[in-house]
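Every heavy atom of this structure was used, including side-chain atoms; hydrogens, water molecules and symmetry mates were not. If you're wondering where the values come from, they're calculated on a predicted model, not measured in any experiment. Atoms within each ligand, like the ligands themselves, are counted from 1 in listed order.
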Amino acid sequence: MIVARFEEIVGEGGVLTAPEDLAGYRADSTYRVEDGIVAVVRPIDTEQVAEVVRTCRAHRIAIVPRGGSTGFAGGALPVPGQNVVVLSTERMRKIRALDTVADVLVADAGCTLHELREAAAAAGRLLGLDHGGAGSSAIGGNFATNAGGNNVLRYGMAREQVLGVEAVLADGRVISPPRRLRKCNAGYDLAQLLCGSEGTLAIVTAVALRLRPAPLARATAMLGLVSPARALDLLVLAREYLGEAISAFELMSRSAIAFHNAHAGVAREPLDEPTPWAVLLECESTSRFLDLDAGFDALLEKAIDREIVVGGTVAASEEQRRGLWAVREGIAVAMGQARFFMVKTDTAVPVGCVPEFVTRVEAAATERVPGCRAMAFGHVGDGNIHVNVLPPNGMADDEFRGHGAALSRAVDDIALSLGGTVSAEHGIGRGKRAALERMLSAPELDLMRAIKRAFDPEGLFNPGKLVG
Ligand SMILES: Cc1cc2nc3c(=O)[nH]c(=O)nc-3n(C[C@H](O)[C@H](O)[C@H](O)COP(=O)(O)OP(=O)(O)OC[C@H]3O[C@@H](n4cnc5c(N)ncnc54)[C@H](O)[C@@H]3O)c2cc1C
């Protein structure tokens with residue numbers, strides 16, 4: 001009966017129930033579920049979303065909002081044992097406004113990050129959010145997870161792009177339209193509260209995003225280093241030379257690069273002489289009065305002179321630049337596609353603690369599982385370092401899986417002991433709830449639960465995720 005009502009609301013083609021149609025909705029980048037999805041409902045506009053929410057509320061069936069399902073926390077999937085409706089924004093794809101005077105882009109929640117970046121670029125602007133999942137992830141999902149990615153150092157996380165939001169509340173009312181203002185001190189900032197709420201408070205139907213000037217020049221290099229400590233030396237030096245022009249500072253261990261190469265079947269090394277660590281450094285200028293190449297050359301010369309950098313390659317063309325980024329982004333892809341179990345982490349620590357964090361995680365992992373391989377990579381310019389732990393060669397998948405919880409906990413505990421976080425950018429979803437409880441104080445958890453109750457007293461949205 002509920003399916004027939006959904007069909008009335010969104011049309012027959014907007015509702016999926018056949019097992020073969022649901023197959024594509026059973027996984028995100030990390031998790032997989034075999035059942036629990038009653039129907040996937042795909043509205044095309046906000047009014048349809050509101051009507052679907054009212055219907056689910058009346059039938060007391062929970063809703064799991066879904067964007068591109070590229071998340072790492074299982075947030076867009078039911079928790080085992082549940083029966084839910086998945087509300088997919090995939091048919092909500094309109095760019096509602098692109099204003100190059102106010103520098104604001106307003107888009108439906110289902111637009112992919114990539115298509116919005118392209119639209120901004122076509123208008124001579126930049127949307128300052130980018131990451132390896134841009135091609136498939138939806139802007140609603142990016143907002144709901146407060147996505148980070150490659151350019152946080154310069155442009156901030158998703159929340160720093162957000163001006164306003166349109167969202168459907170649990171009682172079916174709509175907060176609309178998205179505010180487009182840079183300045184608005186009219187009480188609590190609900191857009192910021194919803195940003196990062198992972199589908200637990202409301203369904204996001206549109207967002208207003210700030211645009212930036214498009215870069216006129218870029219300089220990109222992959223630089224070889226002997227240790228993470230040297231990477232921090234390079235970061236400090238780069239800031240001294242190029243200030244806010246630094247747009248990406250990505251650290252990769254040699255083992256992570258080798259893993260990517262093996263996975264992708266790439267024979268050519270990014271650096272002629274492989275080094276234990278590498279940094280992908282990118283700078284951008286939006287002013288024609290800044291000689292970015294001269295600044296970049298001077299920085300590299302000084303870094304070599306001080307023996308901070310021991311090798312490297314500078315991208316001489318856009319193609320070469322993309323080749324360097326393919327290595328960095330390919331690491332996450334390779335780890336995501338690996339056919340064996342590994343411990344994936346999303347920790348961040350104060351930037352100066354990154355070397356200690358890496359050393360302690362390597363030691364803790366080896367102590368628990370001798371021979372395991374800790375591979376570090378991440379957006380180290382903002383302290384976000386993923387250290388994934390892979391099994392020792394030859395260890396059976398099930399045996400290593402048995403160590404998973406203890407290894408994850410050890411990594412999280414080291415991050416927390418350094419004043420860090422268990423979730424830098426992927427969110428809590430269903431997988432990090434216990435870690436969140438260890439990280440937050442009782443008053444913080446109480447407030448979060450009170451906020452959840454205020455927005456969603458009946459537990460309609462994404463139960464079993466975050467604090468819900
Ligand atoms: C190769 C690769 C690289 C990646 N790199 C990064 C990275 O560098 N940084 C980073 O932060 N992430 C990264 N990601 C993860 C992912 O792309 C982000 O988490 C993204 O923000 C998720 O968007 P999505 O549309 O796929 O959301 P989904 O996975 O569909 O959903 C994620 C969460 O948001 C909720 N949600 C989705 N849409 C809505 C909505 N309209 N209203 C309310 N709630 C909603 C869901 O319920 C769920 O809880 C990467 C992913 C891949 C595959």
Considering the heavy atoms of [X], write down every atom of ligand 1 situated less than 4.0 Å from one of them.
{"X": "Ala144", "answer": "34 (O), 35 (C), 36 (N), 44 (N), 45 (C)"}
{"X": "Gly148", "answer": "9 (N), 10 (C), 11 (O)"}
{"X": "Gly75", "answer": "46 (C), 47 (O), 48 (C), 49 (O)"}
{"X": "Val333", "answer": "1 (C)"}
{"X": "Ile203", "answer": "42 (N)"}
{"X": "His379", "answer": "8 (O)"}
{"X": "Ala147", "answer": "11 (O), 21 (O)"}

Any idea which of [options] brings a heavy atom closest to [atom]?
{"atom": "atom 47 (O) of ligand 1", "options": "Gly199, Gly149, Pro65", "answer": "Pro65"}
{"atom": "atom 50 (C) of ligand 1", "options": "Phe461, Tyr25, Phe72", "answer": "Phe72"}
{"atom": "atom 12 (N) of ligand 1", "options": "His426, Arg430, Arg328", "answer": "His426"}
{"atom": "atom 18 (C) of ligand 1", "options": "Val64, Thr70, Ile63", "answer": "Thr70"}
{"atom": "atom 24 (P) of ligand 1", "options": "Gly132, Gly68, Gly429", "answer": "Gly68"}
{"atom": "atom 43 (C) of ligand 1", "options": "Ser197, Ala202, Ala424, Gly336", "answer": "Ala202"}

[X], any N or O under 3.5 Å of ligand 1 N or O:
{"X": "Arg66", "result": "no"}
{"X": "Glu198", "result": "yes"}
{"X": "Gly67", "result": "yes"}
{"X": "Ala332", "result": "no"}
{"X": "Thr89", "result": "no"}
{"X": "Ala109", "result": "no"}

So, are [X] and [Y] salt-bridged, with charged N and O less than 4.0 Å apart?
{"X": "Asp346", "Y": "Lys432", "answer": "no"}
{"X": "Glu198", "Y": "Lys465", "answer": "no"}
{"X": "Glu160", "Y": "Arg210", "answer": "no"}
{"X": "Asp171", "Y": "Arg57", "answer": "no"}
{"X": "Arg154", "Y": "Glu244", "answer": "no"}
{"X": "Asp130", "Y": "Arg117", "answer": "yes"}
{"X": "Arg433", "Y": "Glu437", "answer": "no"}
{"X": "Glu269", "Y": "Arg254", "answer": "yes"}
{"X": "Arg54", "Y": "Glu51", "answer": "yes"}
{"X": "Arg5", "Y": "Glu7", "answer": "no"}
{"X": "Asp108", "Y": "Arg96", "answer": "yes"}

Give me the residue, atom name and distance of the protein heavy atom closest to [atom].
{"atom": "atom 21 (O) of ligand 1", "result": "Thr145 OG1, 2.8 Å"}
{"atom": "atom 4 (C) of ligand 1", "result": "Gly133 N, 3.5 Å"}
{"atom": "atom 27 (O) of ligand 1", "result": "Gly141 CA, 3.6 Å"}
{"atom": "atom 42 (N) of ligand 1", "result": "Val204 N, 2.9 Å"}
{"atom": "atom 29 (O) of ligand 1", "result": "Gly71 N, 2.9 Å"}
{"atom": "atom 31 (O) of ligand 1", "result": "Ala76 CB, 3.8 Å"}
{"atom": "atom 10 (C) of ligand 1", "result": "Glu425 CD, 3.6 Å"}
{"atom": "atom 28 (P) of ligand 1", "result": "Ser69 N, 3.5 Å"}

Yes or no: does [X] have any heavy atom under 4.0 Å from an atom of ligand 1?
{"X": "Ser29", "answer": "yes"}
{"X": "Glu329", "answer": "no"}
{"X": "Asp28", "answer": "no"}

His426 meets the ring-ring contact (aromatic ring centres under 6.0 Å, His included) criterion, sequence neighbours left out, with Phe72, His386

Side chain, backbone, both or neither: which applies to [X] and ligand 1 if a contact is any heavy-atom pair less than 4.0 Å apart?
{"X": "Lys465", "answer": "neither"}
{"X": "Asn462", "answer": "side chain"}
{"X": "Asn142", "answer": "both"}

The residue among Val174, Val53, Ile175 that forms side chain to side chain contact (heavy atoms under 4.5 Å, CB included) with Leu169 is Ile175

Q.
Less than 3.5 Å apart, any donor N or O on the side chain of Gln161 or Asn142 sitting next to an acceptor on the other?
A. no

| field | Between Gln192 and Arg159, a side-chain donor and acceptor under 3.5 Å | value | yes

### Message
With side chain to side chain contact (heavy atoms under 4.5 Å, CB included) as the criterion, how do Val389 and Arg373 come out once you've worked through the C-alpha distance, each side chain's angles and the decisive distance to 0.1 Å?
### Response
CA-CA 6 Å; Val389 187; Arg373 296 159 292 157; over 6 Å; no

message = For the backbone of Ile44 and the side chain of Gln48, can you confirm whether one donor and one acceptor N or O come within less than 3.5 Å of each other?
response = yes

Exercise. Apply side chain to side chain contact (heavy atoms under 4.5 Å, CB included) to the pair Ile385 and Phe377, showing each step before the final yes or no.
Key: CA-CA 6 Å; Ile385 174 99; Phe377 62 99; over 6 Å; no

For this session: Verify side chain to side chain contact (heavy atoms under 4.5 Å, CB included) between Asp21 and Val40, making sure each step is shown before the conclusion.
Result: CA-CA 9 Å; Asp21 292 337; Val40 175; over 6 Å; no

